Every structure is written in C-alpha cells, then in structure tokens.
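Presented below is the structure to which this report refers.
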Amino acid sequence: VHTLPIPWRVATPLSEDERAHARRELGLPPSAQVVLYAGNLDGYQGLPVLFDALRDLPGVTLLVATEDAPARLSELPAWLARGTARLTSLRTEQARRQAHAAADLVALPRRSPGGLPVKLLDGLARGLPVAAVPRALAGHRGVPAVVAAVDDCPHALRAAITEVLSMDPQARRAPGSEGPRYIAQHHSGAAFRGALTAAERDALGPPR
C-alpha cells in the first residue's frame, strides 16, 4: 500500500500585525484563546466531540469558519448566542487566511474513519499548531506542530487542546513554524511525483 501525499502550497507567514487585525475584524479580544474549526458541518466531522471538549473550558472561544448554516449543527446557535463561539466565512482565500490569523490553534475532531481532512494540511501550511484526534490524522503520526489526542473522545481532545494552549504565545508559534516546513517537504509536487512513481513501479514491476 502506498500513500500519495496531496500536493499543498505553503502559505505566506502570518505576521503579528495581521493576527491583531484579524481579531479586530472578527470581534475577538487580543487576549482570547481562540480554537479554530474550518470546514463543513456534516456529521462525519464529529463536531459534537469538539463541543464537548471545549465545554466549560475557561477563556476559550471557538471560531467556526464555514459556508454551512449554523442551524445544520444544533448546538452551534446556542454557543453563538452565549458569545463562546464566532462564525466566519471561508469562501475565499482572504477569508481562510483571516480565520487562521485570528486563531491560536486548529482543532480536528473526526467521527468517520478514512480520508484526510484538508484542514490539517491548511493549518500546518499556515503555521498554526494543530490538536487532533487520531482518526482525523489518517495515519499521519509524529507530524511536527501536531498534538495528537490519545484517542477520539472529547476528554482526550480537550487534553490535547489544553496542552497547546498551556504554551506561552512565543512557544506556541515555535512548534507552529514547523508545520510549513513539514508541508514543503512531505506535500510538495516532487514528493507526490516520487510517491506515484514508487507506486507504479511496485504495481508494474521494473521496466524491461
């Protein structure tokens, strides 16, 4: 079995000024601890696990970047009404960049096995640390800037999120900076072509 890494572009680094501007635009206090979920609200994403992980976690705001209506996830409107969540768009690259700039980390729940959430690659490419359940990593272990929960339950995801947020801001960005390097090395066009060539060679045998 061969894994073909999705080619992914490393983003221009996010500056401190850009981070501060993104928070002002989204109405987030500079001192808030912001956990980003960027994606659709379909059931296979396992968002109730993330809600349970963040429930009653002091000082944390959930930023949901999606094009889906909040009503698709029954818990979301209540979180928005309490002010413990914010909703923003991810339709354009500018919107995606703003959402990531405003966040301290990307959180990845997952209900259904299989598939690689592109939000994992996007978060790493933009220099954010990631807290993820094992199911969301699709077998990618030991990835820099990723804190993997011990299992897929809310308690484990909460522990992974807390571990990231317990770092001081400078230390939090330091592991995040490893994400772009990982993407550049393991998800480049050259990495994809090399993996594809190896798969073809394995399937067809050596050239004659």
Side-chain angles (χ1 to χ4, degrees), residues 14-111 117 119-120 122-123 126-133 136 145-147 149 152-173 175-176:
L14 297 165
S15 68
E16 291 304 312
D17 286 345
E18 189 174 4
R19 293 175 188 273
H21 179 73
R23 291 204 169 194
R24 288 194 300 270
E25 288 291 305
L26 295 175
L28 294 164
S31 60
Q33 293 183 311
V34 180
V35 175
L36 172 65
Y37 171 82
N40 65 60
L41 307 182
D42 292 342
Y44 74 87
Q45 300 282 11
L47 278 162
V49 171
L50 179 57
F51 279 110
D52 287 346
L54 295 180
R55 201 176 306 278
D56 301 323
L57 198 60
V60 171
T61 298
L62 174 62
L63 177 60
V64 178
T66 186
E67 291 305 307
D68 286 348
R72 290 196 61 191
L73 191 65
S74 59
E75 291 187 72
L76 186 52
W79 281 61
L80 293 169
R82 288 197 303 268
T84 49
R86 294 283 194 282
L87 192 67
T88 190
S89 171
L90 48 61
R91 183 180 298 275
T92 65
E93 167 57 21
Q94 181 179 358
R96 299 184 73 89
R97 186 173 177 88
Q98 182 184 68
H100 285 80
D104 291 295
L105 78 151
V106 173
L108 299 184
R110 188 78 169 185
R111 179 181 178 184
K119 58 182 75 63
L120 169 65
D122 206 18
R126 297 178 192 276
L128 268 70
V130 175
V133 301
V146 173
V147 176
D152 299 301
C153 73
H155 178 76
L157 181 56
R158 179 187 178 109
I161 291 170
T162 302
E163 180 178 339
V164 176
L165 292 178
S166 67
M167 305 174 188
D168 66 68
Q170 293 299 325
R172 194 182 300 150
R173 294 185 195 106

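In this chain, residues are counted from 1 in sequence order. No experiment lies behind these values; they were computed from the predicted model shown. Only heavy atoms go into these numbers, but all of them, side chains included; no hydrogens, no water, no symmetry mates.
Under the 4.5 Å side-chain criterion, counting only non-hydrogen atoms from C-beta, Leu41 is in contact with Val64. Leu128 has its side chain within reach of Leu14: a pair of non-hydrogen atoms, C-beta onward, lies under 4.5 Å apart. Side chains of Glu67 and Asn40 form no contact here, defined as non-hydrogen atoms less than 4.5 Å apart. At least one side-chain heavy atom of Arg72 sits less than 4.5 Å from a side-chain heavy atom of Asp42. A 4.5 Å side-chain heavy-atom check between Val35 and Val164 finds every atom pair outside the cut-off. Side-chain contact between Leu50 and Leu47 is present, with heavy atoms from C-beta onward closer than 4.5 Å. Annotation: side chain of Tyr37 is in contact with side chain of Pro109 (closest heavy-atom distance under 4.5 Å). Side chains of Glu163 and Val147 form a contact here, defined as non-hydrogen atoms less than 4.5 Å apart.
Checked for salt-bridge contact, Arg111 and Asp152 miss the test: no charged N lies under 4.0 Å from a carboxylate O. Under a 4.0 Å N-O distance rule, the pair Arg55/Asp52 qualifies as a salt bridge. A salt bridge is absent between Asp104 and Arg19: the closest approach of a Lys/Arg side-chain nitrogen to an acidic carboxylate oxygen does not fall below 4.0 angstrom.
Taking OG1 of Thr66 as the start and CZ of Arg91 as the end, the distance is 10.5 Å to the nearest 0.5 Å. Here the straight-line distance linking atom CD of Glu18 with atom CD of Glu25 works out to 11.5 Å at 0.5 Å rounding. Atom NE2 of His21 sits about 9.0 Å away from atom CG of Leu26, to the nearest 0.5 Å. To the nearest 0.5 Å, atoms CZ (Phe51) and OG1 (Thr84) are separated by 8.5 Å. In this structure, CG on Leu87 lies 6.0 Å from CG on Leu76, to the nearest 0.5 angstrom. Note that CG of Asp68 is 9.5 Å distant from CG of Leu73, once rounded to the nearest 0.5 Å.
Judged purely by atom type and a 3.5 angstrom limit, Thr61 has no side-chain atom pairing as donor or acceptor with the backbone of Ala85. No side-chain donor-acceptor contact under 3.5 Å links Arg110 to the backbone of Val133. A donor-acceptor contact shorter than 3.5 Å links the side chain of Arg23 to the backbone of Ala32.
Minimum interatomic distance between Ala53 and Leu57 (heavy atoms only, all atoms of both residues): O-CD2, 4.4 Å. Residue Val49 comes nearest to Cys153 through the heavy atom pair CG1-C, 4.0 Å, listed as atom of the first residue, atom of the second, then distance. In terms of heavy atoms, Ala102 sits closest to Leu28 at CB-CD1, 4.0 Å. Closest heavy-atom contact between Arg96 and Leu90: CG-O, 3.4 Å. Nearest heavy-atom pair, Ser89 versus Ala65, reported as atom, atom and distance to 0.1 Å: O-CB, 4.1 Å. The shortest non-hydrogen separation linking Pro77 to Pro70 is CD-O, 3.7 Å.
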Note to self: Assess the residue pair Val146 and Leu120 against the criterion (side-chain contact (heavy atoms from CB on, under 4.5 Å)); give the C-alpha distance rounded to whole Å, side-chain angles, the decisive distance to 0.1 Å, and a yes or no.
What the structure shows: CA-CA 9 Å; Val146 173; Leu120 169 65; 4.1 Å; yes
Next item on the list: Determine, step by step, whether Glu75 and Arg82 satisfy the salt bridge (charged side-chain N to carboxylate O under 4.0 Å, His left out) criterion, reporting the C-alpha distance in whole Å, the side-chain angles of both residues, the deciding distance to 0.1 Å, and the verdict.
Entry: CA-CA 11 Å; Glu75 291 187 72; Arg82 288 197 303 268; over 6 Å; no
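Residue Gln94 qualifies as open at atom CD: its count of foreign heavy atoms under 6.0 Å is 12 or below.
Exactly one of Leu63, Leu36, Val34 qualifies for a side-chain contact (heavy atoms from CB on, under 4.5 Å) with Arg86. That residue is Leu63.
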